[in-house]
Amino acid sequence: MLNTISFVSLGPGDPELITLKGLRTLREADKIYCPGTTDAHNKPVSRAALLIGMLDVKTPVTIFQLPMQKTRTQASEVYQTLVQQLIADVQSGLKPVVAAEGDAGFYSSVQYIYEQLIAADIPCNRIPGVPAFLAAAATAGIHLVKQEEQLHVVPGKTTIEELDRLITNRYTLVIMKLTQCDSILRQLILQHPDLEVHYFENTGLPNAFYTTDISALQNRPFPYFSLLIIRPEPR
Ligand code: SAH
């Protein structure tokens, strides 16, 4: 009987926002694999590995590099290598874990690895976690959706027309991966100066930043770990 491979959600950045189950699973594992990239100086960086470093976990951590400008082929080579490694680990009796920031099933590349392992009949389970947008809404104390309101998540690739339509239809919007749509967002904000906009960077971390002052966003570069919540105007 093979060990089960757990996919652990680490939460958005505050080390106290991992679940007890997630933390216990990290501690009981033989190995932890985390996604990472390289910075401008080619140095490996992994938000997930940094987060694990803030927890009392002794299990060794291995970072697997996801190419920044990833083509499908490049990324799938990385996933396939990791899938083979994970299968070799469980076949030699080890208990490996794959960890990812936020929730590991919400815009999370590790889910592709999970799916490939399931297809290969390897037992897996996923431990849910707090996604960044829920943590962000909590830090701002906002009611993310209320009564009949609906939530719509936009993962970076969008157009001004799409955002206009969603705003007119009174959705609460969560916009993520802002580096992919920064000029569109600046244009949107100029066109709707009365929007209720909440902007967040690095939620849960010591360098967290939050503002509702949309004029402050015109010249601010949006880092990778930033998101926007736009609430419908009161009727
Ligand atoms: N699995 C993650 C989402 C990964 S997609 C989750 O559940 O939250 C990456 C995007 O998530 C980033 O571009 C950013 O928009 C958002 N994000 C993740 N962590 C964040 C944080 N601590 N603060 C602000 N945005 C964050």
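When a ligand or atom number is given, it counts from 1 through the structure's own listing order.
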Undergrad: How close do Pro221 and Glu201 get, counting heavy atoms only, and between which atoms?
TA: O-OE2, 4.1 Å
Undergrad: Identify whether NZ of Lys or CZ of Arg in Arg220 sits under 6.0 Å from the centre of the six-membered ring of Phe209 and within 45° of that ring's axis.
TA: yes
Undergrad: Is the backbone N or O of Val8 less than 3.5 Å from a side-chain atom of Ser6, with the two atoms forming a donor-acceptor pair by type?
TA: no
Undergrad: Applying side chain to side chain contact (heavy atoms under 4.5 Å, CB included), run through Tyr224 and Arg47 and close with a yes or a no.
TA: CA-CA 11 Å; Tyr224 179 73; Arg47 170 72 58 108; over 6 Å; no
Undergrad: Looking at Leu217, is its backbone amide N or carbonyl O close enough to the side chain of Arg186 to form a donor-acceptor pair, meaning the two atoms are under 3.5 Å apart?
TA: yes
Undergrad: Please confirm whether the backbone N or O of Lys146 pairs with a side-chain atom of Glu149, one donor and one acceptor, at under 3.5 Å?
TA: yes
Undergrad: Are there any N/O pairs under 3.5 Å between ligand 1 and the protein, and if so, what are their distances?
TA:
| residue | atom | partner | partner atom | Å |
| --- | --- | --- | --- | --- |
| ligand 1 | 1 (N) | Glu101 | O | 3.2 |
| ligand 1 | 1 (N) | Asp103 | O | 3.0 |
| ligand 1 | 1 (N) | Phe106 | O | 2.8 |
| ligand 1 | 7 (O) | Asp103 | N | 2.8 |
| ligand 1 | 8 (O) | Ala132 | N | 2.8 |
| ligand 1 | 13 (O) | Lys177 | N | 3.3 |
| ligand 1 | 13 (O) | Tyr224 | O | 2.8 |
| ligand 1 | 15 (O) | Lys177 | N | 2.9 |
| ligand 1 | 15 (O) | Ser226 | O | 2.6 |
| ligand 1 | 22 (N) | Pro12 | O | 3.0 |
| ligand 1 | 22 (N) | Thr203 | N | 3.4 |
| ligand 1 | 22 (N) | Thr203 | O | 3.0 |
| ligand 1 | 23 (N) | Asn202 | N | 3.4 |
| ligand 1 | 23 (N) | Thr203 | N | 2.9 |

